[in-house]
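For reference, the structure discussed in these notes is given below.
Chain identifiers are assigned alphabetically (A, B, ...) following the order of the sequence lines, protein sequences preceding nucleic acid strands; residue numbering begins at 1 within each chain.
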Amino acid sequence: MSLIARALEEVGIATTSISTSRDITVAARPARSVFVDFPHGHTTGRVGDLSTGETIVRAALDLLTSTTADLVVDLDLQWAADDSWKIGVYESVPTADGGSTMTDSRVERYDAPQFQAASDVEAAAESHAGQDCLVCIGIDI
Amino acid sequence: MTRQPPIDYITRITSQYESLGYGRYDWLHSDTPSAVNALPKPLSECKLGVLATGGVYREGQTAFTYKDDTTYRAIPCDTNAADLRATHFAYDLTGAREDINVVFPIDILRSLVADGTVGELAPNLFTCMGGIYSQRRVREELAPAIVERCLADEIDVVLLIPV
């Protein structure tokens, strides 16, 4: 993501971004970023909570008035009453029997399209056959 | 449990890959700061583009693959949130499939246009996959395609939303 942000700035387009991985963002150095200490998959908030989402998006847009390099601003938002959700994310946790929970949580890297629903497959085929194809945009690059 | 520091993803994932016997992932470490452009005009007059990496597509489009997919999708900015889907290998999709705004805040962005904060949205918002293994392919394939499209659409500013 940061590679693309940097490429956009190279051609004169101002960018801002939202990060849930502070260390990855600091290493990659996009022009501007707000850090939200939420789990992956919740960059712009919680289900049904547009208010928090709007706070996050507005904070990212507010950075656009600055031209300070390597700008990372930490938002004071907390995902839950405590931070126990951070335990076990990409790490092993000791178990009672002296073992650990390190497992391979990676999903197989399927090289075929991974549709959310079976009906989406039919919708894509229908669109592709019609005049106003939504399928091909971005694919034949 | 008191508040904990942000997760050090690079350390944790590197360690996990090592323990599972995978090859070392080459994290992006930029040696120089990014170029930084000032806004060309007030945000309330700007055309805002979006690039989100959560694997979002619209019903009627082809889903992303899970293997170094460097394509993108153009989502018309007036698309109904209920017509959007999410697919990805690297995050829990439960929330995104219930409310797409948690990774692709299309309703929020439209409300910011409605209240005058943002001038307008680009005609199409862009989505792609994160977690593309090859930095070279992002540099040579995806980044130039997005840059070209943003220039062609005369987008003033881009909000990037990784997952």
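The heavy-atom pair separating Ala7(A) from Ala143(B) by the smallest distance is CB-CB, 4.2 Å. In this structure, Arg6(A) and Ser34(B) approach most closely via the heavy-atom pair NH1-N, 3.4 Å. Scanning both residues, Ile24(A) and Ile10(B), for their nearest heavy atoms gives CG1-CG1, 3.8 Å. In terms of heavy-atom proximity, Pro105(B) sits nearest to Val57(A) at CG-CG2, 4.0 Å. Between Leu3(A) and Arg139(B), the shortest heavy-atom distance links the atoms CD2-NH2, 3.5 Å. Across all non-hydrogen atoms, the minimal contact from Gln61(B) to Ala124(A) is O-CB, 3.6 Å.
Environment of NZ in Lys67(B): sparse, with no more than 12 heavy atoms of neighbouring residues, nucleotides or ligands closer than 6.0 Å.
In this structure, Asp23(A) CG and Thr11(B) OG1 are separated by 6.5 Å, a value rounded to the nearest 0.5 Å. A distance of 10.0 Å separates CD of Glu59(B) from CD of Gln116(A), quoted to the nearest 0.5 Å. Considering CG of Leu43(B) and CG of Leu64(A), their distance stands at 6.5 Å, rounded to 0.5 Å. Interatomic distance, Thr20(A) OG1 to Ile7(B) CD1, rounded to the nearest 0.5 Å: 9.0 Å. Summarising the geometry, atom CG belonging to Leu8(A) is positioned 8.0 Å from atom CG belonging to Leu51(B); distances are rounded to the nearest 0.5 Å. Distance CD1/Ile161(B) to OG1/Thr44(A): 5.5 Å, rounded to 0.5 Å.
Remark: Arg109(A) is positioned above the aromatic ring of Phe89(B), its terminal NZ or CZ atom under 6.0 angstrom from the ring centre and at most 45 degrees off the axis.
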Set out, in order, the CA-CA distance, both residues' side-chain angles and the distance that settles side-chain contact (heavy atoms from CB on, under 4.5 Å) for Leu151(B) and Ile13(A), then state yes or no.
CA-CA 8 Å; Leu151(B) 290 172; Ile13(A) 298 175; 3.9 Å; yes
Going through the distances and angles, do Val47(A) and Thr94(B) end up as a side-chain contact (heavy atoms from CB on, under 4.5 Å)?
CA-CA 9 Å; Val47(A) 170; Thr94(B) 310; over 6 Å; no
Could you go through Val36(B) and Thr68(A), starting from their C-alpha distance and side-chain angles, then the distance that decides it, and tell me whether this counts as side-chain contact (heavy atoms from CB on, under 4.5 Å)?
CA-CA 8 Å; Val36(B) 184; Thr68(A) 303; over 6 Å; no
Give the C-alpha distance, both sets of side-chain angles, the deciding distance and a yes or no for side-chain contact (heavy atoms from CB on, under 4.5 Å) between Val147(B) and Ile4(A).
CA-CA 8 Å; Val147(B) 167; Ile4(A) 299 171; 5.6 Å; no
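Side chains of Leu50(A) and Asn101(B) form a contact here, defined as non-hydrogen atoms less than 4.5 Å apart. Between Arg12(B) and Val89(A) there is a side-chain heavy-atom pair separated by less than 4.5 Å. Within the 4.5 Å cutoff, the side chain of Pro113(A) has no heavy atoms near those of the Phe64(B) side chain.
Val26(A) and Leu71(A) fall into different hydrophobic clusters, where Ile, Leu, Val, Met, Phe, Trp and Tyr residues are linked whenever their side-chain heavy atoms come under 4.5 Å apart, directly or through other members. Phe35(A) and Ile13(B) are assigned to two separate hydrophobic clusters, defined by single-linkage of ILVMFWY side chains at heavy-atom distances under 4.5 Å. Grouping the Ile, Leu, Val, Met, Phe, Trp and Tyr side chains by contacts below 4.5 angstrom, directly or via other members, places Val72(A) apart from Ile18(A). Cluster membership for Ile146(B) and Leu28(B), using ILVMFWY side-chain heavy atoms within less than 4.5 angstrom, is shared.
Only the side chain of Tyr57(B) comes within less than 4.5 Å of a heavy atom of chain A; its backbone N, CA, C and O stay farther away. For Tyr9(B), the parts lying under 4.5 angstrom from a heavy atom of chain A are both the backbone and the side chain. Contact annotation for Gln135(B): both backbone and side-chain heavy atoms come within less than 4.5 Å of a heavy atom of chain A. With a 4.5 angstrom heavy-atom cutoff, Arg46(A) touches chain B only via backbone atoms. Looking at Leu48(B), only its side chain comes within 4.5 Å of chain A, counting heavy atoms on both sides. Residue Leu109(B) touches chain A through its side chain alone, counting heavy-atom pairs closer than 4.5 Å. Contacts of Asp31(B) with chain A are made by backbone atoms alone, with heavy-atom separations under 4.5 Å and no side-chain atom involved. Residue Asp37(A) touches chain B through its side chain alone, counting heavy-atom pairs closer than 4.5 Å. Contact annotation for Ser111(B): only side-chain heavy atoms (C-beta onward) come within less than 4.5 Å of a heavy atom of chain A. Residue contact with chain A, scored on non-hydrogen atoms closer than 4.5 Å, involves the backbone and the side chain of Asp8(B) alike. Of the two parts of Leu39(B), the backbone and the side chain both hold a non-hydrogen atom closer than 4.5 Å to a non-hydrogen atom of chain A. Only the side chain of Ala60(A) has a heavy atom closer than 4.5 Å to any heavy atom of chain B.
Chosen from Asp111(A), Thr52(A), Thr16(A), the residue pairing most often with chain B at heavy-atom distances under 4.5 Å is Thr16(A). Contact count versus chain B (heavy atoms, under 4.5 Å) is highest, among Ser2(A), Gly12(A), Ala5(A), Ser119(A), for Gly12(A). Taking Asp92(B), Leu112(B), Asp107(B) one by one and counting their heavy-atom pairs under 4.5 Å with chain A, the maximum is reached by Leu112(B). When the candidates Glu98(B), His88(B), Glu148(B), Arg97(B) are compared by the number of heavy-atom contacts under 4.5 Å with chain A, Arg97(B) comes out ahead. The greatest number of non-hydrogen atom pairs below 4.5 Å with chain B, out of Ser66(A), Ser21(A), Ala117(A), Pro39(A), is found for Ser21(A). The most heavy-atom pairs under 4.5 Å with chain B, out of Ser33(A), Gly48(A), Ala31(A), Gly41(A), come from Gly41(A). Interface remark: of the candidates Glu10(A), Met1(A), Arg29(A), Arg29(A) forms the most heavy-atom pairs closer than 4.5 Å to chain B.
A salt bridge links Asp115(B) to Arg58(A): one of the charged nitrogens lies within less than 4.0 Å of a carboxylate oxygen. At a threshold of 4.0 Å, the pair Arg58(B)-Asp120(A) does not count as salt-bridged, since none of the basic side-chain nitrogens sits closer than that to a carboxylate oxygen.
Between the side chain of Gln4(B) and the backbone N or O of Ser84(A), no donor-acceptor pair lies under 3.5 Å. A donor-acceptor pair is defined here as one N or O able to donate and one able to accept, closer than 3.5 Å; no such pair exists between the side chain of Thr15(A) and the backbone of Val158(B).
Ring geometry for Tyr110(A) versus Tyr66(B): interplanar angle of 30 to 60°, hence tilted.
Checked against a 6.0 Å centroid threshold, the rings of His42(A) and Tyr91(B) do not count as neighbours.
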